[in-house]
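Only heavy atoms go into these numbers, but all of them, side chains included; no hydrogens, no water, no symmetry mates.
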Amino acid sequence: MTNPINRSPRAGADGTAAAATTPVRVLVVEDETIVAMYLTDMLEELSYEVCGVAANAADALKIAERERPALALVDIGLAGPKDGIETAQALRERFAVGSIFMSGASDPVLLERARAAGSHGFIQKPYDERQLKTLLNNAAPRH
């Protein structure tokens, strides 16, 4: 089943335009390769299109510029000079990409920073497909 958020016309068998659904394009920003692969698999199972995987802020911005995702799943604890919160803010400001934060941390100050950053949600690691699906369904209609 394809998530029907982004709709585009497509010619039907009789030559008339027919509504077709295209999957929501998602950028994964996660610096742990195994976690990124697991998340990519889950997203694809849920009929989202993973348009890129980035391990740091610089790569995330390059991919977003090229691929124009609708949504980014962003790990708060990224390696490098910018954390996930700063990365998500840059994605939103430069490319109007909404973000969902992921983290294994439960630091109240960090969580408050994430909430204040204007994300579409937060998911605590470890998470499962059901939790991710619920969060994505709540976030994706905004795009």
Side-chain angles (χ1 to χ4, degrees), residues 1-12 16-143:
M1 177 175 94
T2 300
N3 191 323
I5 302 306
N6 299 326
R7 297 188 185 275
S8 61
R10 181 177 59 172
T16 61
T21 58
T22 58
V24 174
R25 294 171 55 80
V26 179
L27 170 62
V28 173
V29 186
E30 169 63 66
D31 58 354
E32 293 183 41
T33 304
I34 293 174
V35 175
M37 290 170 50
Y38 173 68
L39 186 55
T40 297
D41 287 346
M42 272 201 291
L43 288 165
E44 289 173 350
E45 289 238 349
L46 293 169
S47 297
Y48 288 85
E49 178 186 343
V50 177
C51 63
V53 176
N56 57 54
D59 289 345
L61 293 171
K62 285 178 193 171
I63 293 169
E65 182 174 27
R66 183 181 67 238
E67 299 294 331
R68 302 296 180 173
L71 191 62
L73 291 175
V74 183
D75 183 19
I76 291 177
L78 293 177
K82 291 189 178 185
D83 69 12
I85 296 169
E86 294 166 305
T87 302
Q89 289 170 322
L91 288 168
R92 184 180 68 244
E93 290 166 7
R94 293 184 193 179
F95 307 110
V97 175
S99 296
I100 294 174
F101 289 121
M102 307 175 292
S103 181
S106 58
D107 173 27
V109 174
L110 184 68
L111 297 178
E112 178 55 29
R113 268 187 68 219
R115 189 196 61 72
S119 73
H120 292 298
F122 176 85
I123 191 165
Q124 184 78 35
K125 292 179 181 178
Y127 47 84
D128 62 30
E129 189 173 307
R130 180 189 52 77
Q131 292 169 311
L132 183 61
K133 180 179 180 179
T134 299
L135 196 53
L136 287 165
N137 285 341
N138 290 335
R142 298 180 187 186
H143 297 281

For [X] and [Y], which heavy atoms make the closest approach, and how far apart are they?
X	Y	result
I63	V53	CD1-O, 3.5 Å
L110	S103	CD2-OG, 4.4 Å
V74	A88	CG2-CB, 4.4 Å
L27	G52	CD1-O, 3.4 Å
M42	D128	SD-C, 4.0 Å
R25	R68	NE-O, 4.0 Å

Has [X] got a side-chain atom pairing as donor or acceptor with [Y]'s backbone, closer than 3.5 angstrom?
X	Y	answer
E32	I34	no
E93	A90	no
D31	A79	yes

*Residues in salt bridge (Lys or Arg N to Asp or Glu O under 4.0 Å) with D59, at least two apart?*
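D59 satisfies salt bridge (Lys or Arg N to Asp or Glu O under 4.0 Å) with no residue once adjacent residues are dropped.
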Let me confirm one number: the [atom1]-[atom2] distance from [X] to [Y], rounded to the nearest 0.5 Å.
X	Y	atom1	atom2	result
D83	F101	CG	CZ	8.0 Å
E129	Y38	CD	OH	7.5 Å
Q89	K82	CD	NZ	9.5 Å
E86	R113	CD	CZ	6.0 Å
M102	Q124	CE	CD	12.0 Å
L73	L135	CG	CG	8.0 Å

_Test applied, side chain to side chain contact (heavy atoms under 4.5 Å, CB included); reference residue, V26; option that passes from L43, I100, V97_ =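 For V26, the side chain to side chain contact (heavy atoms under 4.5 Å, CB included) test succeeds with only one of L43, I100, V97, which is L43.
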_side chain to side chain donor-acceptor pair (under 3.5 Å) involving R94 - partner list, sequence neighbours excluded_ =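 Side chain to side chain donor-acceptor pair (under 3.5 Å) check on R94 returns nothing, list empty.
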*Any side-chain heavy-atom pair from V50 and L39 closer than 4.5 angstrom?*
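No - every pair of side-chain heavy atoms lies 4.5 Å or more apart.
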_Charged N-O contact under 4.0 Å between E65 and K62_ =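 Here E65 does not pair with K62 in a salt bridge, since their nearest N and O are not under 4.0 Å apart.
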*For the pair L136 and L71, evaluate side-chain contact (heavy atoms from CB on, under 4.5 Å) and give the outcome as yes or no after the intermediate values.*
CA-CA 9 Å; L136 287 165; L71 191 62; 3.6 Å; yes
